[in-house]
Protein chains: 2
Amino acid sequence: MTAQPQPSARPTLEDVAARAGVSRATASRVLNASPRVSPEALEAVTNAVSELGYQPNSAARALVTRRSGAVAVVFSEPEPKIFDDPHFARLIRAAARALSEQDAQMVLMLVHSPQDQERAHRFLAGGHVDGALLFAPHRNDRLTGVVRKLHLPVVLGGRPWGSLRGLHLVDNDNEGGGFQATEHLKSLGRKRIVHVSGPADELSSTDRLDGWRRSVGADDAAVELMSESGGYTRQGGRNAMRTLLRRVPDLDAAFVGSDLMAEGALAALREAGRRVPQDVAVVGFDDHVTIAAHTDPPLTSIRQDIDSQVSHMVSHLIRLLRDEPVRAKREVLPTILVRRESA
Amino acid sequence: MTAQPQPSARPTLEDVAARAGVSRATASRVLNASPRVSPEALEAVTNAVSELGYQPNSAARALVTRRSGAVAVVFSEPEPKIFDDPHFARLIRAAARALSEQDAQMVLMLVHSPQDQERAHRFLAGGHVDGALLFAPHRNDRLTGVVRKLHLPVVLGGRPWGSLRGLHLVDNDNEGGGFQATEHLKSLGRKRIVHVSGPADELSSTDRLDGWRRSVGADDAAVELMSESGGYTRQGGRNAMRTLLRRVPDLDAAFVGSDLMAEGALAALREAGRRVPQDVAVVGFDDHVTIAAHTDPPLTSIRQDIDSQVSHMVSHLIRLLRDEPVRAKREVLPTILVRRESA
DNA sequence: GCTGTCTCCGAGAGCGCTTCCAAGCCGGTG
DNA sequence: CACCGGCTTGGAAGCGCTCTCGGAGACAGC
């Protein structure tokens, strides 16, 4: 029995090897599940590990493998939205789950200001993470361009403005969803279908608008008249619907670009004395659990499966990290109509 | 001119030192802002760093300093809530901001299941992070106890169940806020003040209840009669208010334990034909921007300053990490009443 | 009996950094 | 003139791990 040097110090691989009566190399092989190890050695090391409560030192491992085991999740958004929009909470939750299933640690970065962006750039360039998931929907966002040059595996959530060259992304079928929503309203016999759109500087919202436009066959003038932006907020949806009621008094249906805006739109319709769905049928977008099912009346909505989007992004990224062949650089996930009472 | 070995390879400290014409040791001193460096050496190294675009290798640094530069932010909560409650989005945002200001990277962990907890434990014990911010409000949560034994600097957000020994925490004055809310209702001349409380297994909600109780001077029977749990959800608030209207038909005021529940409570009052604030005055809790200001009528609420709570937690943790003396192990932040139209 | 092949193992180098230690240089002092 | 102390500097050790490389042993084939 040799005296324990310091019982408080964390055991190293050296200690494990000594206890198991093998070399450090063999102990390392066991930890990394190498096949070239005899059953006896494997057992001895396994026992030593659990007896000592050994935990590999991640910094040492990262130093030699040049892998950190961490993935950045970056949201490039003006501040207020990350507060308000339940969409973010869903994305964050989904990312946390998907990454922890892969035993990757999730480093969350919220980028609001140019300084934040500078910091994010330095951080991503600094080799602190092996890859990144990036959400940067806004038109004037510079981060996507910056990241593209970085030589770091990145998967985007949603289509970015500008060139797609060299980018991997997983998007939802916003255009198809918008089309689907509007076709559904047409199938109910509605003739004057207006659209409350999201911000014009996000492709998710212009894509939804395009889907509506394709379904109703609107020309530019009609688009000008029959749609109005509500900026992805409740209050915005309310204002937009008020405007539309003024401009198109005989409207009998509305496709609203998000559930949050739809909540506002419903309020505007209520205050105008229009009954939903009798006078005006309404379809939302997102199918957000805590909104769509609890509005009055419950909201028919287009579901985009956020969990699936994020888990596709993660598995795509993991393949990139492993240098495995990646099927497609660009995936578009389908959306489905969930019927409730508003349409 | 020597040939560049590999232009694509990241420069190391060795490269910087060579270019600056100093030793690696001196270059390191410059990077770590050591005072023992001549102005000439400082300038030469600084130039070399920017010319080469040098970025220190964080793994190598972590290996020798035994510091990762990362802080875990842990939420131990059943799944659904992290979706629904805007409170979480605020906490996450505040944490992201406060930590990035300290140049600490934020590793987000969402703990829902026992497996998650096991993984979190391993991770925190594994030396991947220098410290942690922990939010674990539920009574039966085991994580706080586990973390306490971990020898890892941790600051809790909110008071945990059980012993406080050895724990650092920053809490909001929930009891005081509940008292304040109820006193305000009394000052309006209200006599029958009921309470919609949050879940009984969170101290934030029982503290608010205690504040209400102290203000109205309720005995156990009165508490039984005049308060009802709404579980921190909109629907729960609605149901609880319906129940209270049945049990206490002559109620003329309500203190509701969160804005989300207050929204539901307002709906229940509306459907019962009670006017707010004429028939029933209502005070919420949280002063959540996107709720309180937009209910009908806008909600009087108790504001707890989440940004300040989290930044206190972070600076507390930073002091712990630096082995600086910490003023108090426990901080309780004040709450204030924000008057709008509901009371 | 000798060689070739296969499997498992250990010695040792080295990842990029910080930091201890000793050496060199300077001006001032006895 | 020898010596001392303060300042800056470079050499070198070492953080804990992975992985290459060659050696040792077992076994089959000639």
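Throughout, a chain's letter reflects where its sequence line sits, starting with A, and its residues are numbered from 1. Predicted model, so just to flag it, every value in this text is computed and none were measured. These numbers come from the heavy atoms of this one structure, side chains and all, not from hydrogens, waters or symmetry mates.
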**Asked** Between the axis at one end of the helix from C:dG1-D:dC30 to C:dG30-D:dC1 and the axis at the other (five pairs apiece), what's the angle to 10 degrees?
**Response**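 Inter-axis angle at the ends, rounded: 70°.
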Under 3.5 Å donor-acceptor, [X] side chain and [Y] backbone:
| X | Y | answer |
| --- | --- | --- |
| A:Arg148 | A:Ser163 | yes |
| A:Ser34 | A:Val30 | no |
| A:Asp171 | A:Val332 | no |

**Message:** Among residues 119-131 of chain B, which ones have heavy-atom contacts with DNA chain C below 4.0 Å?
**Reply:**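 The answer is none.
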**Lys/Arg N to Asp/Glu carboxylate O, A:Asp307 vs A:Arg97, below 4.0 Å** =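 Yes, this pair counts.
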**Message:** For nucleotides 11-24 of chain D, give me one character per nucleotide, 5' to 3': B if any protein heavy atom sits under 4.0 Å from the base, S if the only such contacts are to the sugar-phosphate, - if neither.
**Reply:** B-BBBBBBB-----
**Request:** Write down the distance between CG (B:Asp15) and P (C:dG16), rounded to a whole number of angstrom.
**Result:**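 In whole Å, C:dG16 P lies 9 Å from B:Asp15 CG.
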**Asked** What integer distance in Å separates B:Arg67:CZ from C:dG16:P?
**Response**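 Rounding to the nearest Å, CZ of B:Arg67 and P of C:dG16 are 24 Å apart.
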**Prompt:** salt bridge (Lys or Arg N to Asp or Glu O under 4.0 Å) between A:Glu51 and A:Arg19: does it pass, once the steps are laid out?
**Reply:** CA-CA 9 Å; A:Glu51 284 162 21; A:Arg19 179 159 195 131; 2.6 Å; yes
Kindly give the heavy-atom pair with the smallest separation between [X] and [Y], and that separation in Å.
| X | Y | value |
| --- | --- | --- |
| B:Ala98 | B:Ser311 | CB-CA, 4.3 Å |
| A:Pro153 | A:Leu321 | CG-CD2, 3.7 Å |
| B:Val147 | B:Leu124 | CG2-CD1, 3.9 Å |

**Request:** Indicate, with a heavy-atom threshold strictly under 4.0 Å, whether B:Ala41 touches base, sugar-phosphate, or nothing.
**Result:**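 Sugar-phosphate only.
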**Prompt:** Where do A:Glu77 and A:His138 land on the side chain to side chain donor-acceptor pair (under 3.5 Å) test, with the steps shown first?
**Reply:** CA-CA 8 Å; A:Glu77 273 288 346; A:His138 294 281; 2.9 Å; yes
**Request:** Would you check, one step at a time, whether the test side-chain contact (heavy atoms from CB on, under 4.5 Å) holds for A:Arg67 with A:Arg61?
**Result:** CA-CA 8 Å; A:Arg67 280 294 175 86; A:Arg61 179 175 278 178; over 6 Å; no
**Prompt:** Looking only at side-chain N and O atoms, does A:Ser38 come under 4.0 Å of OP1 or OP2 in C:dC9?
**Reply:**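 So the side-chain polar atoms of A:Ser38 do come within 4.0 Å of the phosphate oxygens OP1 or OP2 of C:dC9, strictly under.
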